[in-house]
Amino acid sequence: MHSEQLSANGVSPMPHGYALMTNPALNKGTCFSERERDALGLRGLLPPRAFSLEEQMRRALGNMRRKPDALEKYIFLTTLQTRNETLYYRLLQDNIEETMPLVYTPTVGQACLEYGSIFRRPRGLFISLREKGRVAEVLRNWPIADVRMIVVTDGERILGLGDLGALGMGIPVGKLSLYTACAGVHPSYCLPITIDVGTDNGKLLDDPFYIGLQQKRVRGAEYDELLREFVEAVKTVYPKALLQWEDFGNTNAFRLLEENRKNLLSFNDDIQGTAAVAIGGLIASLRLTGKKLTDQRLLFLGAGEAGTGIGELFTAAAQKAGLSEADARACCWYVDSQGLVVKNRPGKPLAHHKLPFAHDHAPVATLAEAVEAVKPTALIGVSGMPRTFTEQIIRRMGELNKRPVIFALSNPTSRAECTAEDAYKWTEGRAIFASGSPFDPVTIDGKTHHPGQGNNVYIFPGVGLGALACGAREVTDRMFLAAAETLAGQVTQADLDLGRVYPALTKIRDVSAKIAAAVAEEAHRENLATTPRPADIEADIKAKMYEPAYREFE
Ligand SMILES: NC(=O)C1=CN([C@@H]2O[C@H](COP(=O)(O)OP(=O)(O)OC[C@H]3O[C@@H](n4cnc5c(N)ncnc54)[C@H](OP(=O)(O)O)[C@@H]3O)[C@@H](O)[C@H]2O)C=CC1
Ligand SMILES: CC(=O)C(=O)O
Ligand SMILES: [Mg+2]
């Protein structure tokens, strides 16, 4: 989306000379023309030869590739972002398959772990307990008045890496880069926020260079008061913003979503975005298995935000396909840290989000035993527990199904429940495999399989774009179902032939635009849109998408 009302960086007046070159939203580096160099006081500040954006991009790509490892490439890209935003987004957008694993999973996981030491220039807002009572004032310190897209974390469950406290900032920063690169939301609209209420990560508390509050995580009334103040402040300071809850621990994530979804334009990416990407992949997989959605038996490893979010959206999709709610829920089975989730399980009472999926069944302790009990058509890993899909389990899935669906969705790569190679090797290449973080293609018996990336990046940029484009008053579950169906519809026969149930990442802007259109269409249907319905929603949305290109300065 364009920020038509703003100057290019949303800040006035227009800077000149050295100040212009150090403004990432306006800087063109060696691309400033002769005329601009004279008019803007730049003469002598740049080497004489001028380059095009395309040439700058190729040079930057070469420089990035020369960096010795992924983290160095991440640092290179972050530095570029703070120097020349247009070039950064051009580079990302035109090389998305190569750059997404650098600015996003898996490298962003490593970057978060080391965020304290690689922290160069501030990006986004840190709101800590010290700012309690002054949150609106902190939001106003952000230099841009018209924020439309906020991604916020409190750092408690960063990917599958656990509590990283203030280091979690890498996640909102990365997700918002993808809003721009994958869905054309103008960078000036985007605001990353980390709420710091402490951390229970002992290693961080012992680290003398830890950048966050050096105290245990605050819970209960004090946490709730800060979050309530935060929500009210967002509504006051940024009334047009859509807020994405990201990587909260599940004791807060579910209730923050429920408490706020009707009161603040917001959604939870881990619960709802992940659900849509998984259901989209599952729907596409039916074209390979020849089965119906209503024939599926899903066994999840992990019954948290991602797992039960997928179960809820599956329930909605299966009901739409004709099942009763009870029968739809009966298709979803969960193994958590205590074994199979069943009614009357001895021990700790089941958390609220698990109850709708706790079926009548004798207790079962392990995933392998659960596979025997459930005989699943699909095994979905959302546990953050690496290599838990063992050879025995994957081989058994291959015996039970001609084309077993095996989704190892936990991030980053080090947390995946199995590798692509494991899934293909142990099923003689029959598995329909997807993973949260990318895996390289695998060749088995002369056939090369290209695994798809089952990651909510296929969903959240399009959902956000669609909701903003139509001025949605609320983001509903039906919008996520529409997003899932649209995603599945973008999977071509060529994708399926390659072995993936997701479209190529190179098409992500088009996919996001189509998802945005489906979301906006749904908003109009549900009477939740506040802008008039354009004759061609998709064309209207595409016209609003930001393209990284330099503006001409007169
Ligand atoms: N691909 C994608 O787009 C996405 C992937 N994810 C990934 O999914 C993972 C989980 O995220 P989320 O659902 O938000 O996290 P939660 O903390 O909400 O849930 C984790 C679940 O895993 C269970 N679990 C933990 N250890 C084990 C174990 N040893 N055996 C069985 N189950 C176990 C937990 O059990 P218990 O309930 O008993 O504690 C819990 O139910 C993360 O790695 C995350 O990166 C998340 C969002 C999007
Ligand atoms: C992808 C994502 O949102 C996660 O792993 O938490
Ligand atoms: Mg997440």
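All values below come from the heavy atoms of this structure, side chains included, with hydrogens, waters and symmetry mates left out. The chain is numbered in sequence order, starting from 1. Order of listing sets the numbers, starting from 1, for every ligand and every atom in it. Bear in mind that the values here come from a model prediction, so they are computed numbers and not experimental data.
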Between [X] and [Y], does any side-chain N to carboxylate O distance fall below 4.0 Å?
X      : Y      : answer
Lys175 : Glu246 : yes
Arg396 : Glu372 : yes
Glu312 : Arg329 : yes
Arg217 : Asp163 : yes

Can you confirm whether the side chains of [X] and [Y] place a donor and an acceptor under 3.5 Å from each other?
X      : Y      : result
Arg345 : Gln338 : no
Ser266 : Asn260 : no
Lys203 : Tyr210 : no

- With the Mg ion (ligand 3) as the centre, enumerate protein N/O/S atoms below 2.8 Å in chain and residue order. Glu246 OE2, Asp247 OD1, Asp270 OD1
- Message: Just to confirm my output: which protein heavy-atom neighbour is closest to atom 5 (O) of ligand 2, and how far is it?
- Response: Asn411 ND2, 2.8 Å
- Please say which of Ile118, Leu71, Leu161 ends up in a side-chain contact (heavy atoms from CB on, under 4.5 Å) with Gln110. Leu71
Give the atoms of ligand 2, by number and element, whose distance to some non-hydrogen atom of [X] is under 4.0 Å.
X      : value
Asp269 : 3 (O)
Glu246 : 3 (O)
Asp247 : 6 (O)

- Task: Step by step, work out the side chain to side chain contact (heavy atoms under 4.5 Å, CB included) result for Arg219 and Glu156.
- Result: CA-CA 11 Å; Arg219 300 183 190 279; Glu156 190 175 5; 2.9 Å; yes
- Task: Please work out which of Ile158, Leu159, Thr153, Ile171 has its closest non-hydrogen atom nearest to atom 4 (C) of ligand 2.
- Result: Leu159
Heavy atoms only, cut-off 4.0 Å: how does [X] contact ligand 2, side chain, backbone, both, or neither?
X      : result
Lys175 : side chain
Thr105 : neither
Asp270 : side chain

- Message: Nearest 0.5 angstrom please: Asp422 CG to Arg395 CZ, how far?
- Response: 10.5 Å
- Query: How are the rings of Tyr546 and Tyr89 set relative to one another: parallel (under 30°), tilted (30 to 60°) or perpendicular (over 60°)?
  - Reply: perpendicular
- Note on the structure: Chain-and-number sorted residues having a heavy-atom contact under 4.0 Å with ligand 1 are Arg157, Leu159, Gly160, Asn250, Asp270, Thr274, Leu301, Gly302, Ala303, Gly304, Glu305, Ala306, Val335, Asp336, Ser337, Lys354, Val382, Ser383, Gly384, Met385, Leu409, Ser410, Asn411, Gly436, Gly454, Asn455, Asn456
- Does Asn455 reach ligand 2 with a nitrogen or oxygen that is under 3.5 Å from one of the ligand's nitrogen or oxygen atoms? no
- Name of the residue among Phe267, Phe480, Tyr179 meeting ring-ring contact (aromatic ring centres under 6.0 Å, His included) with Phe460: Tyr179
- Out of curiosity, is Tyr104 lining ligand 2, as in a heavy atom under 4.0 Å away? yes
- Greater than 12 external heavy atoms within 6.0 Å of Asp69's CG: yes
- Identified salt bridge (Lys or Arg N to Asp or Glu O under 4.0 Å) partner of Glu258 from the options Arg261, Lys262, Arg255: Arg261
